Every structure is written in C-alpha cells, then in structure tokens.
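Structure first, then comments.
Sequence lines set the chain letters: A, B, ... in the order given, protein chains first and strands last, and positions in each chain run from 1. Please read these numbers as outputs of a predicted model, since none were measured by experiment.
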Amino acid sequence: MNRLPYPARRIEERWQRFWDERGTFRTNPRPRRKFYVLEMFIYPSGDMHMGHARNYTIGDVVCRFLKMQGYDVLHPFGWDAFGLPAENAAIEHGSHPSKWTFESIDLCKRNLKLMGIAYDWDREITTCLPEYYRWDQWFFIQFYKRGLAYRKEALLNWCPKCQTVLANEQVLEGRCYRGTCRAPIEKRKMTQWFFRITDYAEELLRDIDKLEGWPNSVRVMQRNWIGRSEGIEIDFILDGTGEKLPVFTTRPDTLYGVTFMALAPDAELAGTIANGTGREAEVADFCRRVLLRSEIERTAATGDKEGIFTGRYAINPVNGERIPIYIADFVLASYGTGMVMAVPGHDQRDFEFARKYRLPIKVVIQPEGSPITDPERLNAAYTGIGILTGSGEFNGLRSDEAIERISDYLESRGIGRRKVNYRLKDWLISRQRYWGTPIPMIHCERCGIVPVPEDQLPVELPPDVQDYKPKGTSVLASVQSFYETTCPQCKGRAHRDPDTMDTFVNSSWYMLRYADPKNDRLPFAREAVNTWLPIDLYIGGIEHACGHLVFFRFFTKVLADMGMLDFREPAKTLLTQGMVSHNGVTMSSSKKVGVWVGPFTSEYGADAARLAVLFAAPPEKNMDWTDELVTGVTRFLGRIWRLYEENGNAIRFTPPDTGNLSETERQLYIRLNQTTKKVIDDTTAWQFNTAIAAQMEFLNDLYAFTERNSPVFGFALGRLIFLLAPFAPHLAEELWHRQNPEKGSIFEERFPEPDPAFLSSDSIEIVVQVNGRLRDHLTVPVGTTEEEIKRLAMSAPNARPFIDRGKVVRVIYVRDRLVNVVVKEEK
RNA sequence: GCCGGGAUGGCGGAAUCUGGCAGACGCAUGGGACUUAAAAUCCCAAGACCCCAGUGGGGUCGUGCCGGUUCGACUCCGGCUCCCGGCACCA
C-alpha cells in the first residue's frame, strides 16, 4: 500500500467540519426536483467495516452527483436499534442493552463521518426510542382494527438458543438466520401474533411486474417466495362418518388416479383419525417420532418417505372408490389443507410412497404418442400432460381441458372450489425477548384482548429489568410493574402482552419516517411522504430479498389502503450491492473480520477508501479488498495531488477561447469533453468503476500534455476537480477552495456539461477488414464519402495482398467504423 | 430437483443491452530515468504462439465446450460443462 503525498486525514477533517457547519447537505423541505436516495439503515453492532463503507459510499456518490446536477436530494440515515445482540451484549457485560446500543451508534456515526458520507443528520431516526417505536405500536393497533393483526395457535419455528420464535423468513436451511447463532430450529406449538400479509399476496406478486428498476434476481426470488399456484379444493368423504376431507390439487385431471390419501403428521386431523380403528397407539407413535425430527433432518431427508396406515378410508367423490388414508411425512400441514389426494401414477412423491408401501398405481393420463401399457413397470411417475383414460365421462380429453371440465363439474355439484394457494405464510411477529417494541395489547380476564388506547402510547419498555436472560418465556412477563395492569375497558385486573415485535416491523416503514422524522402527532404527514416517496434509489444487500424487501412493500400497501399515502410501492429502483471480502473472507462485524473504517481512514483517508470500494468492481458484484487495490487508488490520488501542486497557477474555471486552438489543444479539449460525458453517463448508470477509470485515463492525458501554460490545460485541471468531486469529495473540495477561497462548497456548484461541439474529432479511424479479419486502418476526415472510403480501403497497403488473393464479391461499409471486403479465394 | 445469474490475460475488471479494432483502467511483472542506494516518483513494454527481420514489420490462434445464423460473433440462436446464489417434498 502506498502513502499519500498529502495529509489526507487533516484535509478530510477540515472539509467534513465545513460541510457540517454550512449545512451543505441539509434537505430542502420544498423540493422542486426531488431525489430520495436511501441506503438500508444499519443494525449498530460495533465497528464498521469496508462492506458497510461500500454501501454508504455508493449512496453518497449518487447524492453528491445529483445535488450537483440540481436535484433536491433527500439522503438520511438512522439506526435499526432493537435486536438480540444488544441483549446478549448486556448479559455478557452485566449492563443495559441500551448502553451497548447507544455506544454502537456513536461508534458507527463516527465512522460514517470519517467516510465523509453526506447525510442530513437532522433527520436521523433511532428505532429503540419511544418517539419512534410508539408508531410501531400505533400501526399495530391500526392493523389490529383492520383485521391484519391477529393471534393464533400454530406450530412455529423456535430457536432454542435465542429462546424465541422466528418468522419463516428468518429460518435459513433449518437454522436461525442470525449469523452468530445458526442454531437448528425446533417446532413449537404456541399462540402468537401474526400480520396477515397473505391478504396482500396477490398484489405483492402482481406488482413485482411494475418494479422495473429492481434487479431481475430479486423479482424472481420474491415471486418464488410468494409461490402462487392455482388449483381446486376437492371434498373427499371420510368413510363411515361422512365427514368432509378437503384436499388441494393443481391436477384435478388425475382425480380418477387417486389410490390413497396422505395426511400430514402435524395436521389436526392426524390426532384423531385413527380413533376407533385399534391403530391409535401405532399412529400416535409414528406422528410423535416424525415430529421430533428437527427441521434440518426433515429437509435433509433425501426424499426417503415414511408413513403409516390409519385404518380409515376415504371416498373419492367422482367414482365412489374407497381408498386408504395414510399419514405421510412428506405432507406439509401448513400448505393447502394438510392432506393430499395421492396419485402415484402422475406424481413422483406419491409414486415413491406407493412403491414403498405396495399401494396400487393407476395410469389415467396417457402421454400422446407413447402410451404406458403396464403401470407396474414404470420407474417414475408420468407428470406431464396427456390424454385422459380410465376417467369415466372425461376419457379422451387432454389434461389442460380436463382440468377445466372436471373443476366445473366439481364446482357445479358443490364438492369442489377453485382456489389459489400461496407458499407465503402470515408474518409471525411476536418475540419472547426484551429489546424490542412492546406489543400494545392488554389481556383482560373479562374483556379478552384489548388494545392499549392510542392516547396512552407509547407503551414504554421498562428500563428496570433485572435479568435479560431468555428463559423460554417472555422476558417482560417477569417485570411486574410492566406486566400487571388494568383493563382499559372494565378497569379490572389485566396484564400486558409480554412479547415484543420482530425488528423487521421497525424497518418496514422507517423509509417513510425520514420524510417527516420529528412529527409527534402522526408517524408522518401525508404530504411529506407524498413529496419524497417513493424512494428513487434504494441500496442494500440482496440477503433481504425475501424478508425486509417484501415486508416494506407490504406495509406500503396497507398504509396506502389506510389512506396515509398515495403510492403502493416504496422503492422505484433497487441496487443490491455485492459483499466485500478481505483476502477471500467475507467481512463481518459480529465475527470481527474485516478492514475497519477507523484505522484505515486515519492512515489513508476516506477518499482512498471510497475510491477503493468503487473502483474494484461494479456495485452489484462481490469484491475482494486487497492491499493492491489500495495501492492503485492512492497512487491515483497522489498523481492528482502532485499535478495540481506543480500547476497551481495554471488552474482555471473559465472555458478557453475555442476559436484559436492548436491541434494538440484541440485534441485535449475533445478528450476533456469526452471524459466529462463518460463520467456523467457512467455515474448515471451507477457504473462507478468505469467513471473512475475514465478520470484515470484523462489524468494520464494531462500528464502527457506538455503545453502547461495553455488555457485548455488549465481549464482541464479545473474541470477534473468537478468530475472527481462525487467520488473523492474531500480532495476535490480542497483543490476547489485553494482556487476559490471566497466561494462556498464545490457541492453547491453545478456539475459540468460536455460541449457537444467538441465531443468527436474531425478525423475518424476506419478499420479495414478482409473477410471479417482486421487487416489495416485508415484515417479519414469527417465527411469523406462512402465511395472514397471504400476506394481507400481497397488500396490499403496491408489489406491489398489479401484482397488480391481472389475475387471481390462484396464490400460492406459501416458508417464511421469499418470497411469489410469480402473476397472469394481462387484455388 | 426447480428457478435465477455467471464463466474474458498472472489478478480485479472493460467492451456484451444496440454484432463491427477483444483485453480500456488498475494491480502484479519486465525494462529505463532519477538516486550513493533503496523506497517513492516519472517514462516505456506486455494475450499466447510463430515467421521474417533485427528493435521494426507480418502471420496464426485466442473471450468455458460443441454446433448454428452472419460479410463479420465475447456479443444473437440451439445444445452441453462448470461455478455462484435462491427455493427445496408447496400437492
């Protein structure tokens, strides 16, 4: 790594203070051309590494660049300050979670300031403060009133290490999503609060099509996560009792091929179905055994299926067939009705199960062309479409037609209902931990569940907790002063809900709060959010694709339905930046591996750090931080510094008189304008790496330019300061102020525009190909006719021998680019 | 298994959308200048192979693999291989 030839840290401090005091990046409350650029806020947990720095630098470049282009930019920051690590740190150090949290916030804020990130700190928000989380509670109550927040008993994901339940989105490969936990998840039956996100499944899915500024990968991930499938719920009949047994299928065309029923071991019915058959003990035993397996064992099971006969039968409503009911471990209680009609002939899972338990396999769909003659000799189910057979009045239909006809038939007789099912589940938001937003609900012995009256919000987290250690029950239940309360309705004895909310609730609407962060009457004023939102550019990691990035869309839609805002999608454009590793190891605060902002900037400065993360790769790609990377950018900064030191007197900001330029001046001036255009184009497309490369190239041109007294050279120096400003703002501000001590910040100036008259030179280079292979070059003046260029190409000395090898069949001319002579060789 | 993305020098990457000089820019490397010396700095070279020639010029091959379209393919189309990511018994 290279030393810089200037005291970077000192210069950077000066200008950081200058911007701060001047309020350079304070938001204009009455924007004319608004642009809202937002980086996902941070969970403050200790020090900040270059992975964070990359995220914030990208946003900062956009902010500074657009401000210089005349936009009114909103660029705020805040703290996602509730969460488990604070509690764990408090347990470890015997202090309060807030202590660790606010210390972390201070540290992070210092780091952001060290990096020179241009935030409007007047709009800072902190989710663990009552002035913020009271609105979490307020939203909760509104959701409750609208039926979007509800309690139910369900089999839930339980993290034994964190001692709390988790949402589906927080279970990765059967383990806790938290990087330092990763404990295998267990299942527990509990009564908990949910948000009814499934009410919005359809719209969340449909509107993905509108998110044109989002990366395709994220859109696909969300589509799959929501997982829509169209089908029909069909009522089978329980033999003996006549009870209805609804099952969901997308393939009613295979209804005549059902040879058994399969029930999930954790479905409600599984507990009672065997009653009276004499198989109760066996069945109960099987269910218990299956459910004891952890999520990991269940999902890692390589398709080996297990089941047990319940002793009961179902009646197929279309043909009256009596079919055995099994309990099978491959059936999910949480999808559809928790029971499936099994068609081993046409479903691979059912096929495997049938083979194992010697159940019959019926073929009712014949593939067109090569019919199946002997079902017993199949070695896999035929899952494609085909012609129906053995299906009564539906024989001869094609599958797609049969699906419709059979569905119509079932619906008309009241034994089936077309239905759409989603993979997406309602969002479980209760957590049995302390450091979060208390759920503003009261449990009264007489009145049941009663929301805390809105004028009593916030329900503050009690600060005087003795023990944060999770015990498997809610921490707040043991804080008497909090837990014991009176019912707002009957004034009788009651207790507060002792759970706190998932921290993803806090982050589902924070982007709205920035528009109006100090409002103490409402979460935000409608006018303010409609002014600034939707977010024009949202920057963050792709790991949130199916979590936060779904939740904040959900909130936006609910709030739009509540009439609180006039848009239904929170972010127009999403930029998912890649991760940063250090010599191959992904940087991580919790694992304490990485290159840290503090030590690095004190040695090399923020501008070097910024250029390093920007130049290494395009923003969405992963990058590796190496010493060599730093060498490259510090050398670039040093070269700029030296050039300006040597030519301080030449720098000028007024354009040269283009009327009498020498040939070399003219060429430099053209290069300057081309570079200006490229920096603007690339930055607009967020191709920061090539925008910087263009500046490096131009710097090389300046070094090679010998007429140092030329006004073109001086103007180029002046212009380059502007081009550099969004990327290395401190150095640019320093160079600007040396020349313009009386003026304000360079970021109050306008970004330069290229002079269109000097974007291309007056001669062009034409490539001469023979049969598509490069043979020679021509340099011709602009305006040379096609005929002339073709003639010159035909006689180009290096092309001639190849042309002479045969007969010219065709001559292709591409304007301003090339001539290709097609020659047919003679033997 | 299904879905998405990718593969370019010794390395990070550029050109790919819209077919037209592949390898911009940077790192590492080699050479030179400056220096007592080193570092730093400045300048130059550089895909691989080959030929003529001697310090320049030319040729062949070359963007994961096979094939196609085209005057021309890193770019478009078809088929594969490998890597990364997401989901994973979703009926």
Side-chain angles (χ1 to χ4, degrees), chain A residues 2-3 5 172-174 215-225 227-229 231 247-251 254 262 264 298-305 328-332 334-343 346-350 352-353 421-425 542-543 545-546 611-612 615-618 620-633 635-636 638-639 642 685 687 689-700 703-704 765-777 798 801-802 809-812 814-824:
Chain A
N2 258 8
R3 298 252 141 227
L172 306 173
E173 294 165 339
N216 185 45
S217 55
V218 175
R219 297 166 70 185
V220 170
M221 281 161 78
Q222 290 205 355
R223 251 181 228 125
N224 294 340
W225 186 261
R228 181 183 201 272
S229 62
V247 298
F248 177 75
T249 181
T250 54
R251 291 292 303 270
T254 64
R298 280 194 86 172
T299 52
T302 51
D304 195 28
K305 296 167 179 47
D329 65 350
F330 70 89
V331 181
L332 304 172
S334 55
Y335 188 79
T337 63
M339 189 179 214
V340 299
M341 56 175 230
V343 187
H346 306 290
D347 181 283
Q348 187 57 24
R349 296 155 300 189
D350 301 347
E352 286 164 25
F353 192 87
N421 258 324
Y422 298 93
R423 215 197 65 113
L424 183 74
K425 297 287 172 303
I542 197 165
E543 66 273 17
C546 296
L611 288 178
F615 183 63
E620 65 280 0
K621 274 195 75 166
N622 289 345
M623 61 162 280
D624 194 46
W625 178 284
T626 59
D627 290 355
E628 289 74 32
L629 177 59
V630 178
T631 304
V633 296
R635 207 172 270 165
F636 172 58
R639 274 166 71 81
R642 274 184 289 271
Q687 301 293 317
N689 55 334
T690 49
I692 292 168
Q695 296 173 57
M696 289 174 166
E697 269 182 87
F698 189 63
L699 185 67
N700 289 340
Y703 263 80
E765 196 163 318
I766 298 286
V767 166
V768 181
Q769 295 183 340
V770 179
N771 290 338
R773 307 179 70 121
L774 173 69
R775 295 303 176 190
D776 210 338
H777 294 89
N798 290 326
F802 296 92
V809 198
R810 236 172 114 184
V811 179
I812 288 148
V814 181
R815 202 165 165 270
D816 293 352
R817 278 195 190 271
L818 61 75
V819 174
N820 187 17
V821 184
V822 185
V823 174
K824 186 153 190 189

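The shortest distance between the side-chain N/O atoms of A:Lys305 and the OP1/OP2 oxygens of B:C89 is not below 4.0 Å. Applying the 4.0 Å criterion to OP1 and OP2 of B:G4, one finds that A:Arg223 has every side-chain N and O outside that range. OP1 or OP2 of B:A91 has at least one side-chain nitrogen or oxygen of A:Ser229 nearer than 4.0 Å. Listed pair A:Asn224 / B:C2 fails the phosphate criterion, with no side-chain N or O lying under 4.0 Å from OP1 or OP2.
Under the side-chain contact (heavy atoms from CB on, under 4.5 Å) rule, A:Val340 has a single partner from A:Val331, A:Thr249, A:Val247, which is A:Val331.
Residue-level contact check: A:Arg775 touches the backbone only, with heavy atoms under 4.0 Å from sugar-phosphate atoms and none from bases. Within 4.0 Å (heavy atoms only), A:Arg642 reaches sugar-phosphate atoms of the nucleic acid but no base atom. If you check every strand for non-hydrogen atoms under 4.0 Å, A:Asp624 touches nothing. Counting non-hydrogen atoms under 4.0 angstrom, A:Val822 reaches the backbone sugars and phosphates but no base. Using a 4.0 Å heavy-atom cutoff across all strands shown, A:Arg635 reaches sugar-phosphate atoms only and no base atom. Looking at heavy-atom distances under 4.0 Å, A:Pro618 makes contact with sugar-phosphate atoms alone, never a base. Counting any heavy atom pair closer than 4.0 Å across all strands shown, A:Phe353 reaches no nucleic acid atom.
In B:G6 the O4'-C1'-N dihedral to the base is more than 90° from 0, which defines an anti nucleotide. Anti is the glycosidic conformation of B:G85, whose angle departs from 0 by more than 90°.
At whole-Å resolution of the value, CZ in A:Phe615 and P in B:G26 are 7 Å apart. Remark: P of B:G85 and CG of A:Asn216 are 18 Å apart, rounded to the nearest angstrom. If you measure from atom OH of A:Tyr703 to atom P of B:C43, you get 7 Å, rounded to the nearest angstrom. Between the CD atom of A:Glu620 and the P atom of B:G85 there is a distance of 17 Å, rounded to whole Å. Rounding to whole angstrom units, CZ of residue A:Phe248 and P of B:C89 are separated by 17 Å. Distance A:Asn622 CG to B:A7 P: 14 Å, rounded to the nearest Å. The distance from atom CG of A:Asp350 to atom P of B:C89 is 14 Å, rounded to the nearest whole Å. What separates CD of A:Gln687 from C1' of B:A24 is a distance of 14 Å, to the nearest Å.
A:Phe802 does not carry A:Arg773 over the face of its six-membered ring by the limits of under 6.0 Å from the centre and within 45° of the normal.
Nucleotides B:G5 and B:C89 have their C1' atoms positioned 26 Å apart, rounded to a whole Å. Rounded to whole Å, the separation between the C1' atoms of B:G26 and B:G13 comes to 8 Å. For the C1' atoms, the distance from B:C74 to B:U55 is 33 Å, rounded to whole Å. Distance noted for atom C1' between B:A46 and B:G30: 8 Å (whole Å). Between B:G58 and B:G4, the distance separating the two C1' atoms is 47 Å to the nearest Å. B:G62 and B:G54: their C1' atoms are spaced 27 Å apart (whole Å). Rounded to the nearest Å, the gap between the C1' atom of B:U29 and that of B:C87 is 45 Å. The P atoms of B:G59 and B:A7 are separated by 30 Å, rounded to the nearest whole Å.
Nearest to the side-chain atoms of A:Asn700 among the listed nucleotides B:G4, B:C25, B:G13 stands B:C25. When distances are taken from the side chain of A:Asn689 to each of B:G13, B:C71, B:C42, the shortest belongs to B:G13. You'll find that the side chain of A:Val220 is closest to B:G4, out of B:U60, B:G4, B:A24. Relative to the side chain of A:Arg639, the nucleotides B:C42, B:C87, B:C61 differ in distance, and B:C42 lies closest. Among the nucleotides B:A91, B:C3, B:C89, the one closest to any side-chain atom of A:Thr250 is B:A91.
Proximity of a side-chain donor or acceptor of A:Asn771 to a complementary backbone N or O of A:Val823 within less than 3.5 Å is detected.
For the pair A:Thr690 and A:Leu172, nearest-nucleotide mapping onto RNA chain B gives the more 5' position to A:Thr690. When the nearest nucleotides of RNA chain B are assigned to A:Asn771 and A:Lys425 by heavy-atom distance, the more 5′-ward of the two goes with A:Asn771.
Stem analysis of RNA chain B (at least three stacked-register Watson-Crick or G-U pairs, each with both distances under 3.5 Å) gives B:1-7 with B:81-87, B:10-12 with B:25-27, B:29-33 with B:41-45, B:47-52 with B:56-61, B:64-68 with B:76-80.
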Which is it for A:Phe636 and A:Gln695 under the side-chain contact (heavy atoms from CB on, under 4.5 Å) test, yes or no, and what are the steps along the way?
-> CA-CA 9 Å; A:Phe636 172 58; A:Gln695 296 173 57; 4.1 Å; yes

Trace of the side-chain contact (heavy atoms from CB on, under 4.5 Å) decision for A:Arg817 with A:Ile766 = CA-CA 5 Å; A:Arg817 278 195 190 271; A:Ile766 298 286; 5.9 Å; no

Should A:Val819 and A:Val767 be marked as a side-chain contact (heavy atoms from CB on, under 4.5 Å) after you check the CA-CA gap, both sets of side-chain angles, and the distance that decides it?
-> CA-CA 6 Å; A:Val819 174; A:Val767 166; over 6 Å; no

Could you please spell out the steps behind the side-chain hydrogen bond (donor to acceptor under 3.5 Å, both in side chains) verdict for A:Arg810 and A:Asn820?
-> CA-CA 8 Å; A:Arg810 236 172 114 184; A:Asn820 187 17; over 6 Å; no

Are A:Arg639 and A:Asn700 close enough, and set up right, to give a side-chain contact (heavy atoms from CB on, under 4.5 Å), and what steps lead you there?
-> CA-CA 9 Å; A:Arg639 274 166 71 81; A:Asn700 289 340; 2.8 Å; yes

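The nearest pair of heavy atoms linking A:Glu765 to A:His777 is OE2-CD2, 3.2 Å. Between A:Phe248 and A:Gly336, the closest heavy-atom pair is CB-CA, 4.2 Å. Of all non-hydrogen atoms in A:Asp350 and A:Val343, the two that sit nearest each other are OD2-N, 2.7 Å.
The side chain to side chain donor-acceptor pair (under 3.5 Å) test applied to A:Asn421 returns no partner, not counting sequence neighbours.
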Sub-3.5 Å pairs of nitrogen or oxygen atoms, protein against nucleotides 20-22 of chain B:
residue	atom	partner	partner atom	Å
B:G20	N2	A:Gln769	OE1	3.0
B:G20	N2	A:Asn820	ND2	3.3
B:C21	O2	A:His777	NE2	2.8

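A donor and an acceptor atom, one from each side chain of A:Asn224 and A:Arg423, are nowhere located under 3.5 Å apart.
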